[in-house]
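Since this is a predicted model, take the numbers as computed values, not measurements. Just so we're on the same page: letters track the sequence lines, and every chain starts at 1.
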Amino acid sequence: MMTATFGLLAVSAFFLWWRKAEWGWAAVMIALILGIVIFMGDVDFSSKLGVQL
Amino acid sequence: MKDDILSPAAARVLNLLGMLAMTAVLLGAYVYQFSYRELPCTLCQLQRVAMVAVALGAAMNVMLGPSPRHYGVCLVSAMFGIGISIRQTLLHINPFFDSKTGQPTLAAASNPPFGQPVMGLHLYVWGVVLFATVILAVGIVQLFKGQFKAGAPEPEWLKRVASLGVAVLVIVASLETLTTFMECGFGACPNDGGWNWWIFG
């Protein structure tokens, strides 16, 4: 999934450079949502950090 | 304050400099990665995603002209990046903590930092500094609304330099995709810092 996230950013950067594509902002938002999904999968919610909020 | 103190062309140059600075940080991370032979962890990769996204927002300002939407891309990406950086900083902020038992301990190196420090700070702490700087800089630049005037002429030299700069970003983003594919394949990235060589048989 991380590869797809970087790939999406790379493709939108390429089309911005080549065709001045204006949909890059939407691609970034999708990439960030993918990033949040990856982050949530990486967090070990059962572990404690020894701190309290 | 005069509205035209920052012209659209000057704003494009500022964004180009910001984009190149972010690209230089990404290339610096590669130098670090290969000189210390340390592959990026999942959180490190996510911070790189945020850096590429911030650079892409600046690149949109450069190629399409300054717009609040493009600055918004930078801000949202920087907020994502600073969240990840703070998370990783907090994971390692207490060296006397046993992550297995979840209890404080006096044992040495019970919660070691990830990677080598650069100028006294680890990369994820630099991430906090970098993304906070982006948020501050974008906030300040947006104060000048003269840059948002539509139909302002774009100098020919700026078109050429902008195209060259964004081409560098395209190359760096493609490199990130390639090295991430080599490390993670199409699945989750390994957190033990190994390459997924199964892809190459």
Side-chain angles (χ1 to χ4, degrees), chain A, chain B residues 41-43 45-46 48-50 52-57 59-60 62-64 67 69-70 72-73 76-77 79-81 83-84 87 90-91 93-94 96-104 111 163 166-167 169-170 172-189 191:
Chain A
M1 193 130 78
M2 191 77 81
T3 305
T5 307
F6 273 116
L8 185 58
L9 292 174
V11 166
S12 55
F14 175 72
F15 277 98
L16 176 69
W17 173 76
W18 187 38
R19 291 281 185 219
K20 288 197 173 186
E22 296 189 12
W23 44 262
W25 67 274
V28 171
M29 293 304 131
I30 293 169
L32 293 181
I33 290 167
L34 282 174
I36 291 169
V37 171
I38 295 167
F39 175 69
M40 296 306 279
D42 185 66
V43 174
D44 180 6
F45 288 101
S46 64
S47 75
K48 293 177 181 171
L49 287 175
V51 295
Q52 54 188 350
L53 298 175
Chain B
C41 59
T42 304
L43 293 177
Q45 293 272 32
L46 287 173
R48 291 189 189 190
V49 165
V52 174
V54 168
L56 197 50
M60 286 176 216
V62 172
M63 294 296 283
L64 308 172
S67 149
R69 173 180 277 175
H70 305 152
V73 168
V76 172
S77 306
M79 283 303 295
F80 173 76
I84 303 289
R87 158 77 183 170
L90 290 180
L91 280 176
I93 203 164
N94 182 3
F96 300 107
F97 171 72
D98 190 337
S99 54
K100 290 189 180 114
T101 62
Q103 296 297 322
N111 187 19
S163 181
V166 176
L169 175 64
V170 172
V172 171
S174 305
L175 269 177
E176 291 286 354
T177 309
L178 179 69
T179 53
T180 304
F181 176 68
M182 288 169 74
E183 186 184 347
C184 313
F186 288 114
C189 296
N191 267 331

(request) Indicate the atoms forming the closest heavy-atom contact of B:Ile84 with A:Phe39, along with that distance. (result) CD1-CD1, 3.5 Å

(message) Less than 4.5 Å to any heavy atom of chain A: does that hold for the side chain of B:Leu64, its backbone, both, or neither?
(response) side chain

(request) Please examine the side chains of B:Leu91 and B:Leu43, heavy atoms only from C-beta on, and report whether any two atoms are closer than 4.5 Å. (result) yes

(message) I'd like to verify something: which residue of B:Leu175, B:Leu178, B:Val76, B:Leu169 has the highest number of heavy-atom pairs under 4.5 Å with chain A?
(response) B:Val76

(message) Let's test your reading of the structure: which of A:Gly41, A:Ala4, A:Gly7 forms the most heavy-atom pairs below 4.5 Å with chain B?
(response) A:Gly7

(message) Can you tell me which of A:Ile38, A:Val11, A:Leu16 forms the most heavy-atom pairs within a distance under 4.5 Å of chain B?
(response) A:Leu16

(message) Once rounded to the nearest 0.5 Å, what's the spacing between atom CZ of A:Phe15 and atom CD of A:Glu22?
(response) 14.5 Å

(message) Looking at B:Cys189 and B:Cys184, are the sulfur gammas closer than 2.5 Å to each other?
(response) yes

(request) Side chain from CB out, backbone as N, CA, C, O: work out which of these in A:Ala27 comes under 4.5 Å of a heavy atom of chain B, or both, or neither. (result) neither

(request) Among the options B:Val49, B:Val62, B:Val52, pick out the one with the most heavy-atom pairs lying under 4.5 Å from chain A. (result) B:Val49

(request) Compare every heavy atom of B:Val73 with every heavy atom of A:Val28, then report the nearest pair and how far apart it is. (result) CG1-CG1, 3.7 Å

(message) Testing the basics here: between B:Val170 and A:Ala13, what is the closest heavy-atom pair and its distance to 0.1 Å?
(response) CG2-O, 3.4 Å

(message) Using a 6.0 Å cut-off, check whether atom CE of B:Met79 has over 12 heavy atoms from anything other than its own residue.
(response) no

(message) Between A:Ile36 and chain B, with a heavy-atom cut-off of 4.5 Å, which part of the residue counts as in contact: side chain, backbone, both or neither?
(response) both

(message) Under a 4.5 Å cutoff for heavy-atom pairs, which residue among B:Arg48, B:Arg69, B:Gln45 has the most contacts with chain A?
(response) B:Arg69

(message) With chain B as the partner, which of A:Thr5, A:Leu34, A:Leu32 has the greatest number of non-hydrogen pairs under 4.5 Å?
(response) A:Leu32

